[in-house]
Number of protein chains: 2
Amino acid sequence: MKLSKTSEYALRILGFMINSEKQVFTARYLVTYLHIPDKYLRRLMTDLARNGFIKSIQGREGGYVFAKNATTIHLSEIIDAVEGMDKYTGCLLGLNNCSDDSPCSLHYAYAPIRNQVLNLLDTLTLADLKSLKIKRF
Amino acid sequence: MKLSKTSEYALRILGFMINSEKQVFTARYLVTYLHIPDKYLRRLMTDLARNGFIKSIQGREGGYVFAKNATTIHLSEIIDAVEGMDKYTGCLLGLNNCSDDSPCSLHYAYAPIRNQVLNLLDTLTLADLKSLKIKRF
DNA sequence: ATTAAATACTATCTTAAAGTAGTATTTTGC
DNA sequence: GCAAAATACTACTTTAAGATAGTATTTAAT
């Protein structure tokens, strides 16, 4: 699989938030816990807010809160928002016309496994990240 | 999964070769069939030769031939040679200390699927790409 | 009102993958 | 021996992701 670093960051941030008692999270706070480059995280937070996952509270005492219930945020939606899912749905050999009807030599061996990953990301929500029990983030 | 383009190219080239009647392949010939940038393919061929998968025959009437039996070339070896497999064995969230003992919140859901992909690539050889039947490359 | 503490914006830098260009070298056929 | 047809080598360019820097804006506490 290997997501982009930006997707990894996004999942780690939102996963961290859902597993915390806190309600409001400042960028500074997230940076100290998640070890993501400060300015990069800030830009990503703005992006996640634009995409409706979180809401930003400006000014002093501000920060970020979830904009909707975590049970409604699917992991694939997060990835799709920050880098797009297209590259993960494609052929392992990079052929753009590879399909069940016109399979590449790896298609029948690979497609079922690929679909398991896609189903997992489509099915799991941020809330699941909580109930699955986090050991560390 | 999403391999690097270079890995995709390598697999397509070697997969094309194993599925052909020909024995010797010139870069020119491969380019016309596989639509990979000419100079990029040539450099990759030299690299694959250095890694012992193919053997280059210089001079007029030259080209590339397999350097060993295709049943001994595992797909993971090819990928490992051109870009390394490390990034694919890691955690979905990019945590470097994620493991069965110290799992991230996605570990137990994701690791089994990831291992299926890794096993597939470790198990399949170029020869399998032939017997699996190629519809198109 | 002013200050402190937060986010937002804009522009730039860095790095690695991908792609391109030109020249040198090797070998066979004639 | 020489030309043709092939690979090898070296250097440069492009592109996108990732990271950084500086400034502007917003808001609450005092």
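From a predicted model like this one, the values you see are computed outputs, not experimental measurements. Residue numbering restarts at 1 for every chain, and letters A, B, ... go by the order of the sequence lines.
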Query - With sequence neighbours excluded, residues passing side-chain contact (heavy atoms from CB on, under 4.5 Å) with B:K39 - result: B:R42

Query raised in the report: Which residues pass the side-chain hydrogen bond (donor to acceptor under 3.5 Å, both in side chains) test with A:K87, sequence neighbours left out?
Result: A:E83

Report summary line: Residues passing the side-chain hydrogen bond (donor to acceptor under 3.5 Å, both in side chains) test with B:T123, sequence neighbours excluded, are none

Query raised in the report: In whole angstroms, how far is the C1' atom of D:dA17 from the CG atom of A:D47?
Result: 14 Å

Report task. Please work out if B:A49 contacts a base, only the sugar-phosphate, or nothing of the nucleic acid, heavy-atom cut-off 4.0 Å. Result -> nothing

Query raised in the report: Over how many whole Å does the gap from A:E61 atom CD to D:dA29 atom P extend?
Result: 6 Å

Report task. Return the residues of residues 50-57 of chain A meeting this criterion: a heavy atom under 4.0 Å from some atom of DNA chain D. Order them by number, or give none. Result -> none

Query raised in the report: What residues, two or more places apart in sequence or in another chain, satisfy side-chain contact (heavy atoms from CB on, under 4.5 Å) together with B:P37?
Result: B:Y9, B:Y40

Report task. Can you tell me the distance, in whole Å, between the CG atom of A:D38 and the P atom of D:dG18? Result -> 17 Å

Query raised in the report: Could you give the start and end, 5' to 3', of the contact zone on DNA chain C for chain B, using atoms under 4.0 Å from its heavy atoms?
Result: C:dA18 to C:dG29

Requested in this report: Spell out, as yes or no, whether a donor-acceptor pair under 3.5 Å connects the side chain of A:T32 to the backbone of A:Y29.
Outcome: yes

Requested in this report: Tell me what A:Y9 touches on the nucleic acid: a base, only sugar-phosphate, or nothing, going by heavy atoms under 4.0 Å.
Outcome: sugar-phosphate

Report task. Mind jotting down which residue pairs meet the ring pair (Phe, Tyr, Trp, His ring centres under 6.0 Å) criterion with at least one end in residues 68-101 of chain B? Sequence neighbours excluded, please. Result -> none

Requested in this report: Can you label the angle between the B:F16 ring and the B:F25 ring as parallel, tilted or perpendicular, going by 30° and 60°?
Outcome: perpendicular

Query - Results of side-chain hydrogen bond (donor to acceptor under 3.5 Å, both in side chains) for B:D86 - residues two or more places apart only - result: none

Show which side-chain atoms of residues 50-63 of chain B pair as donor or acceptor with protein atoms under 3.5 Å away, not counting sequence neighbours.
residue: B:N51; atom: ND2; partner: B:D47; partner atom: O; Å: 2.9

Report task. Tell me, please, which residues at least two apart from A:T26 pass side-chain hydrogen bond (donor to acceptor under 3.5 Å, both in side chains). Result -> none

Query raised in the report: Applying side chain to side chain donor-acceptor pair (under 3.5 Å), which residue pairs with at least one partner in residues 109-119 of chain A are found, sequence neighbours left out?
Result: A:Q116-B:Q116

Query raised in the report: Of the residues in residues 39-46 of chain B, which ones touch DNA chain C at a heavy-atom distance under 4.0 Å?
Result: B:K39, B:Y40, B:R43

